[in-house]
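Basis for what follows: all heavy atoms, side chains included, without hydrogens, waters or symmetry-related copies.
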Amino acid sequence: MSVYRQVHVSFWQDAFVLDLTPEEKYFYVYLMTNSKTSQIGIYELPKRVIEMETGYNRETVEKLLQRFKDYKKIDYNESTREIILLNWPKHNWNNSPKIVTRIEKELRNVKHLPFVTIYLTIAESIKSDDVSIQYQYPMDTKRTNKEKDKDKEKKKEKEIVSDSPNQDDAPLPYSEIISYLNTKCIKRFRETTDKTRTLIKARFKEKFTLDDFMKVIDNKSAEWLTDEKMNKFLRPETLFGTKFESYLNEKGGTSHASDRGSNQPTKQYADGINF
């Protein structure tokens, strides 16, 4: 099957592109259209491949990659040899079911998980009810009323009153739990959803801890992430429901406690639960 990458004609009039050198313009177009590109703008691109396809030597390749990292247009992970085009989802988002399915599949194949988090964060900020976003807006376009409305909605979400009747207690770590779930399972759940908060609060009342939530996510993502039939159950409703303790005691997954650090100070959240 043929694969095509589109560059909108407005690319050449973009304020950022106009200031690039001829060498930089060529390299920028290459990054968007080379043989390794993907639907999500995250793909493995060994420097040797860049040398062969562009004709540049290693020194020039290193120089150009660093330059576009400094421009905050890309990031490159040396260990996995993966690159992310930071503006790709902004200018190529399409929420048709077929495309979204492909996006989710490609995200699961990304080795450097921080790139997945970056992509989901950007996609969440630009997705809409439109069939697709095809027009490539200039980098310096002024904020639209629609974008301002989205910011207002986010501000309202942050102002949600704490579940605890004692306002002196810190709120439960909803954001930390859902953020880890989204990163680990390649999802886009919101920590402000009432049902999700109710489930998390219920488990804390049963004296489960933050690390217990992380362990459940680790266990079930290891088992279900690559299973097409079970992947849909990687959701708060299933993971944090009545089978929470059973999932917690299963073997498997990667311990999250080591990522948090053994010397982390104790925190007290609402309902008197300590960590």
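In summary, the side chains of S179 and N182 do not present any donor paired with an acceptor at a separation below 3.5 Å, with no hydrogens or angles considered.
The salt bridge (charged side-chain N to carboxylate O under 4.0 Å, His left out) search around R58 returns E51, not counting sequence neighbours.
Between the side chain of T37 and the main chain of N34, a donor-acceptor pair closer than 3.5 Å is present. Of the possible polar contacts, none joining the T238 side chain to the L234 backbone as a donor-acceptor pair under 3.5 Å is found.
The cluster map of Ile, Leu, Val, Met, Phe, Trp and Tyr, joined by side-chain heavy atoms under 4.5 Å apart, puts L20 and I50 in the same cluster. Hydrophobic clustering (ILVMFWY, side-chain heavy atoms < 4.5 Å, transitive): V49 and L85 are in one cluster. The same ILVMFWY cluster, assembled from side-chain heavy atoms under 4.5 Å apart, contains both L86 and Y119.
Below 30°, between 30° and 60°, or above 60°: for F213 and F244 the angle between ring planes is between 30° and 60°, a tilted geometry. In this structure, F27 and F68 have tilted ring planes: the angle between them lies in the 30° to 60° band.
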Criterion side-chain contact (heavy atoms from CB on, under 4.5 Å) on I40 and F115, from CA distance to verdict:
CA-CA 10 Å; I40 58 176; F115 283 176; over 6 Å; no
Checking W224 against L239 for the side-chain contact (heavy atoms from CB on, under 4.5 Å) test, could you report, in this order, the C-alpha distance in whole Å, the side-chain angles of both residues, the deciding distance, and whether it holds?
CA-CA 11 Å; W224 293 346; L239 300 180; 4.1 Å; yes
Trace of the side-chain contact (heavy atoms from CB on, under 4.5 Å) decision for V110 with T80:
CA-CA 9 Å; V110 175; T80 63; over 6 Å; no
Kindly determine whether V216 and D212 satisfy side-chain contact (heavy atoms from CB on, under 4.5 Å), including the steps that lead there.
CA-CA 6 Å; V216 166; D212 290 336; 5.7 Å; no
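Cation-pi check for R197 over Y174 is met; the charged atom lies under 6.0 angstrom from the ring centroid and within 45 degrees of its normal. In this structure, K73 forms a cation-pi arrangement with F16, its terminal cationic atom sitting closer than 6.0 Å to the ring centre and no more than 45° off the ring axis.
Within the structure, the ring-ring contact (aromatic ring centres under 6.0 Å, His included) test picks out the following pairs touching residues 37-66 (sequence neighbours left out): Y26-Y56. For residues 228-249, the pairs satisfying salt bridge (Lys or Arg N to Asp or Glu O under 4.0 Å) are K195-E237, with sequence neighbours left out.
A distance of 9.0 Å separates CD1 in I186 from CG in N231, rounded to the nearest 0.5 Å. Atom CD1 of I200 sits about 8.5 Å away from atom CD of E191, to the nearest 0.5 Å. Rounding to the nearest 0.5 Å gives a distance of 7.0 Å between CG of L248 and CG of N219. Here the CD atom belonging to E104 is positioned 7.5 Å from the CG atom belonging to L107, to the nearest 0.5 angstrom. One finds the CG atom of D75 at 6.0 Å from the CD1 atom of I118 (value rounded to the nearest 0.5 Å). Note: L64 CG to Y71 OH = 9.0 Å, rounded to the nearest 0.5 Å.
Ionic pairing of E24 and K63 is not present here: no N-O contact between side-chain nitrogen and carboxylate oxygen is shorter than 4.0 angstrom.
Nearest heavy-atom pair, E53 versus Y30, reported as atom, atom and distance to 0.1 Å: OE1-OH, 2.6 Å. Taking both residues in full, the closest heavy atoms of E23 and T60 are given as OE2-CG2, 3.6 Å, listed atom of the first, atom of the second, then distance. The minimum heavy-atom distance between L172 and F204, with the atom names listed, is CD2-CD1, 3.7 Å. Taking every heavy atom of both residues into account, I74 and L65 meet most closely at CD1-O, 3.6 Å. Considering every non-hydrogen atom in both R203 and G241, the closest pair reads NH1-O, 3.5 Å. Closest of all the heavy-atom pairs between K69 and Y76 is NZ-O, 4.0 Å.
Contact check for K220 versus E250: side-chain heavy atoms found under the 4.5 Å cut-off. The shortest side-chain heavy-atom distance between K105 and Q39 does not fall under the 4.5 Å cut-off. With a 4.5 Å cut-off on side-chain heavy atoms, E78 and K47 count as touching. M230 places none of its side-chain heavy atoms less than 4.5 Å from the side chain of E223. Taking the side chain as every heavy atom from C-beta outward, T196 and I177 never approach each other to under 4.5 Å. Looking at V116 and I42, their side chains never come closer than 4.5 Å, going by heavy atoms from C-beta outward. The side-chain heavy atoms of E106 and I103, taken from C-beta on, include no pair separated by under 4.5 Å. In this structure the side chain of I84 never reaches within 4.5 angstrom of the side chain of H112, judged on heavy atoms.
The neighbour count for K36 NZ, taken as heavy atoms of other residues, nucleotides or ligands under 6.0 Å away, does not exceed 12.
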